[in-house]
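Here it is, the structure, as structure tokens.
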Amino acid sequence: MAAKPDSLFDREAEWTDLIRFASPQHAALRLGIVYGRRRFGKSYLLRRLVEAVGGVYHLALREERRSALDRFAASLGRQQRWVPAAPVRDWGDALTQAVTLLGTNGTTPQVLVIDEYPYLQQTCGEMDTTVQALMDEAAGGTLTDGWTAPVSIVLCGSAMSVMTRILSGTSALRGRAVLDLPLAAFDYRVARGFWDIDDPAVAFTVDSVVGGAAGYKDLTADAGTPTRLDDVPEWLCATVLNPSHALFREDDYLLREDPRVTDEAVYYSLLGAIADGRTAPVRIAEALGRTSTDIGHHMTVMTTAGFVTRQDDLLRARRPTYRVADPIVRFHHLINRRHRARLEDRMAPRVWSEASATYRSGIVGPHFEAICRVWTDRYASAETLGGGTDRSASLQVDDPRSRQSFQLDVVARRSGDRNDGTTSIQLLGEAKARRLNTDDLARLDRLADLLTRRRGVVLAPDAKRLLFSLDGFSNDLVSTATTRPDVELIDLHRLYEGD
């Protein structure tokens with residue numbers, strides 16, 4: 001198996017899957033799909049794959065069909081020293097010649113990568129069926145007669161709602177692909193290593209603005225990387241808040257990447273409402289002056305496109321909550337879009353100073369909650385959690401007596417839940433950007449009691465109460481926690497380096 005290049009940061013699992021896919025023992029022609037949001041590093045990863053295995057990498061552009069075909073033929077010619085006998089007629093002819101050229105190029109596996117595949121679909125509506133016909137012809141054996149090397153085709157794209165439909169439903173390519181690889185952003189711990197930031201507080205702040213998209217590091221290289229919290233305002237004013245910088249309008253670029261986003265005003269309003277803290281469908285619809293039914297299609301587009309994440313309630317069916325998936329989109333909607341005129345007038349330092357309260361409540365708070373759930377799912381030890389857990393989520397807890405509802409930031413069921421219809425809660429967590437004290441533990445105890453009053457809900461015998469804080473804990477809370485084995489205190493240092 002080809003070793004992962006030193007220049008490729010992390011991505012061990014993805015590299016292993018790609019190399020395994022691209023090195024088949026028997027199949028003559030195989031198909032794989034790779035997709036992920038813009039700037040996540042898909043193209044860089046796939047170029048390294050072609051370098052390691054051999055083959056052709058072709059980046060599609062937005063252009064007319066004839067121009068696209070000529071560029072594809074030029075890619076083959078340049079990378080394989082191939083001269084076509086005549087101009088390729090159509091995409092069926094182009095792909096057939098490409099895979100045949102690779103299949104007769106020695107005996108080692110070959111890869112054909114078509115990056116930004118959705119651009120070709122836009123000008124060639126039959127692109128999927130063309131690939132389907134190619135795969136079916138290879139499966140029948142007629143196409144691959146005389147081949148000496150196996151060939152793997154990788155279709156890659158950033159338009160998430162398009163790429164996720166390729167293998168679903170009645171799609172022409174359903175059942176043809178053996179690789180379905182989504183490429184996610186780096187999580188907060190991996191991103192810290194990628195940016196090479198020592199101070200967890202600085203790493204968290206950078207992550208709360210740009211998230212784990214690998215491409216943003218190169219885009220901000222001229223401004224350097226903050227090493228102290230005092231460096232962050234200057235770094236922001238030189239990058240995300242700078243009207244001359246590519247990241248200043250990044251939310252616009254991301255939204256326009258997806259061809260299903262047609263009425264931009266509606267989608268901008270949806271993202272703005274969710275970024276502003278409206279997570280329930282009814283509240284999101286109210287912000288737009290519509291009903292939940294009216295925005296159903298738009299919410300589906302936003303989730304399949306990867307702009308919004310949907311999370312179902314742990315205890316109640318049909319009660320989903322929605323959150324903005326990408327930190328930089330949230331930042332743009334709460335800071336850049338609200339102050340665009342003044343930012344364009346080069347007033348970034350003043351805007352950032354005045355927006356500090358919005359940043360703290362609307363960005364830091366939700367982002368801190370999100371990384372606490374990631375830590376619980378990926379890094380917390382079984383001892384910390386009191387046992388195995390399912391995926392964590394937030395949860396609304398109702399108090400019928402006071403007619404109030406409360407939010408639990410981190411909740412997880414015990415893994416291997418009972419089969420009698422009872423939900424066993426393994427952990428309950430509070431995640432706050434402020435300093436926590438014994439009142440917060442008392443609140444958590446009260447919410448635990450409210451939960452167990454619900455029919456079919458019990459606390460696991462070794463259930464834990466987790467208190468996450470960005471600013472630390474009071475002395476009385478630290479003292480109390482030492483006497484209660486069911487309580488864990490998790491600060492920023494432990495989130496980044498402990499379990």
Side-chain angles (χ1 to χ4, degrees), residues 188 191 195 197 199-211 213 216-217 219-220 222-255 264-265 267-279 283-284 286-288 307-308 323-371 407 409 431-436 469-472 492:
Y188 72 99
W195 284 81
I197 299 175
D199 187 343
V202 177
F204 171 80
T205 303
V206 170
D207 199 63
S208 73
V209 177
V210 296
Y216 294 150
K217 184 179 180 182
L219 283 180
T220 60
D222 289 346
T225 300
T227 58
R228 303 172 301 134
L229 284 176
D230 289 345
D231 298 334
V232 171
E234 182 179 354
W235 179 77
L236 287 172
C237 291
T239 57
V240 185
L241 300 176
N242 180 1
S244 299
H245 198 275
L247 289 185
F248 184 71
R249 294 176 179 81
E250 180 69 359
D251 61 327
D252 292 337
Y253 301 146
L254 294 176
L255 202 61
E264 292 184 4
Y267 292 104
Y268 279 126
S269 298
L270 277 176
L271 288 171
I274 299 170
D276 206 28
R278 296 173 176 87
T279 59
R283 294 195 62 204
I284 297 168
E286 287 174 351
L288 275 67
F307 292 108
V308 170
R323 294 182 176 87
V324 175
D326 200 315
I328 200 166
V329 173
R330 183 194 300 123
F331 188 93
H332 272 282
H333 277 271
L334 293 182
I335 307 292
N336 285 44
R337 296 184 70 83
R338 292 182 179 182
H339 304 282
R340 179 159 291 181
R342 291 200 298 159
L343 289 171
E344 289 176 343
D345 283 342
R346 306 289 177 171
M347 299 173 67
R350 183 185 300 180
V351 167
W352 179 242
S353 176
E354 294 174 1
S356 60
T358 299
Y359 170 73
R360 186 82 178 173
S361 62
I363 295 174
V364 169
H367 192 68
F368 185 66
E369 292 175 18
I371 73 165
Q407 192 76 14
D409 302 320
K432 294 291 179 279
R434 57 174 174 79
R435 190 176 182 85
L436 299 184
S469 173
L470 190 61
D471 288 344
L492 193 62

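Along the sequence shown, the residues carry numbers beginning at 1.
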*Run the side chain to side chain contact (heavy atoms under 4.5 Å, CB included) check on V209 and V232 step by step: do they pass?*
CA-CA 11 Å; V209 177; V232 171; over 6 Å; no
*Derivation and outcome, side chain to side chain contact (heavy atoms under 4.5 Å, CB included), residues N336 and L241*: CA-CA 7 Å; N336 285 44; L241 300 176; 3.4 Å; yes
_Ring geometry between Y359 and F331 (parallel below 30°, tilted from 30 to 60°, perpendicular above 60°)_ =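 Rings of F331 and Y359: perpendicular, over 60°.
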*Show the numbers, then the answer: is there a salt bridge (charged side-chain N to carboxylate O under 4.0 Å, His left out) between D231 and R228?*
CA-CA 5 Å; D231 298 334; R228 303 172 301 134; 2.9 Å; yes
_Checking T239 now: which residues fulfil side-chain contact (heavy atoms from CB on, under 4.5 Å) with it, not counting sequence neighbours?_
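Here the qualifying residues are T220, A223, W235, H245.
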*From CA spacing to verdict: side chain to side chain contact (heavy atoms under 4.5 Å, CB included), F248, L343*: CA-CA 9 Å; F248 184 71; L343 289 171; 3.8 Å; yes
*Measure the acute angle between the ring planes of H367 and F204, then classify it against the limits of 30° and 60° as parallel, tilted or perpendicular.*
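Plane angle between 30° and 60°, so tilted.
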*In Å, rounded to the nearest 0.5 Å, how long is the span from CD1 of I284 to CD1 of I274?*
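Atom-to-atom, I284:CD1 and I274:CD1 are 4.0 Å apart.
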*asked:* Using every non-hydrogen atom in the two residues, find where F368 and S469 come nearest and quote the distance to one decimal.
replied: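 Shortest heavy-atom separation between F368 and S469 comes out as CZ-C, 3.5 Å.
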*Under 4.5 Å between any side-chain heavy atoms of R337 and D252, yes or no?*
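In contact.
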*asked:* Looking at D199 and A201, would you say the former's side chain and the latter's main chain have a donor-acceptor pair under 3.5 Å?
replied: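 Yes; at least one donor-acceptor contact below 3.5 Å.
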*Starting at CD of E354, measure out to CZ of R342 and round the result to the nearest 0.5 Å.*
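It comes to 4.5 Å.
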*Ignoring hydrogens and angles, tell me if any N or O in the side chain of S269 forms a donor-acceptor pair with the backbone of A265 under 3.5 Å.*
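Indeed, once roles are kept as given, a pair shorter than 3.5 Å links the two residues.
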*If you look at every heavy atom in S208 and P327, which pair is closest and at what distance?*
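Answer, listing the atom of S208 first, then P327: O-CB, 3.5 Å.
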_Is the shortest side-chain heavy-atom distance between V240 and H332 below 4.5 Å?_
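Yes; the side chains approach each other to less than 4.5 Å.
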*Please round to the nearest 0.5 Å and tell me the distance separating atom OH of Y267 and atom CG of L255.*
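Nearest 0.5 Å value for the OH-CG distance: 8.5 Å.
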*Atom CZ of R350 with >12 non-hydrogen neighbours under 6.0 angstrom*: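 For R350, atom CZ is not crowded (no more than 12 foreign heavy atoms under 6.0 Å).
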*Would K432 and D409 satisfy side chain to side chain contact (heavy atoms under 4.5 Å, CB included), going step by step from the backbone distance to the final call?*
CA-CA 9 Å; K432 294 291 179 279; D409 302 320; 2.6 Å; yes
*Show your reasoning for whether salt bridge (charged side-chain N to carboxylate O under 4.0 Å, His left out) applies to R338 and D276.*
CA-CA 12 Å; R338 292 182 179 182; D276 206 28; 2.9 Å; yes
*Where is the tightest heavy-atom contact between S244 and R346, given as atom of each residue plus distance?*
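Closest pair (atom of S244, atom of R346, distance): OG-NH2, 2.6 Å.
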*Kindly compute the distance separating OG1 (T358) from CD1 (I363), expressed to the nearest 0.5 Å.*
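Going from the OG1 atom of T358 to the CD1 atom of I363 covers 8.0 Å.
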_Heavy-atom closest contact (P366 atom, S361 atom, distance)_ =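 Of all heavy-atom pairs spanning P366 and S361, the closest is CD-O, 3.4 Å.
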*Determine the minimum heavy-atom distance between A433 and R360, stating which atoms define it.*
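It is O-NH2, 2.9 Å.
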*Considering residues at least two apart in sequence or located in another chain, which fulfil the side-chain hydrogen bond (donor to acceptor under 3.5 Å, both in side chains) criterion with R283?*
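Testing R283 for side-chain hydrogen bond (donor to acceptor under 3.5 Å, both in side chains), a comparison that skips the adjacent residues, returns none.
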*Over all atoms of both residues, closest heavy-atom pair of W195 and Y216*: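 Closest heavy-atom pair between W195 and Y216: CH2-O, 3.9 Å.
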*Can you tell me how far CZ of R278 sits from CD of E286, rounded to the nearest 0.5 angstrom?*
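Interatomic distance, E286 CD to R278 CZ, rounded to 0.5 Å: 8.5 Å.
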_Spatial distance of atom CD (E234) from atom CH2 (W352) [nearest 0.5 Å]_ =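 That separation rounds to 14.0 Å.
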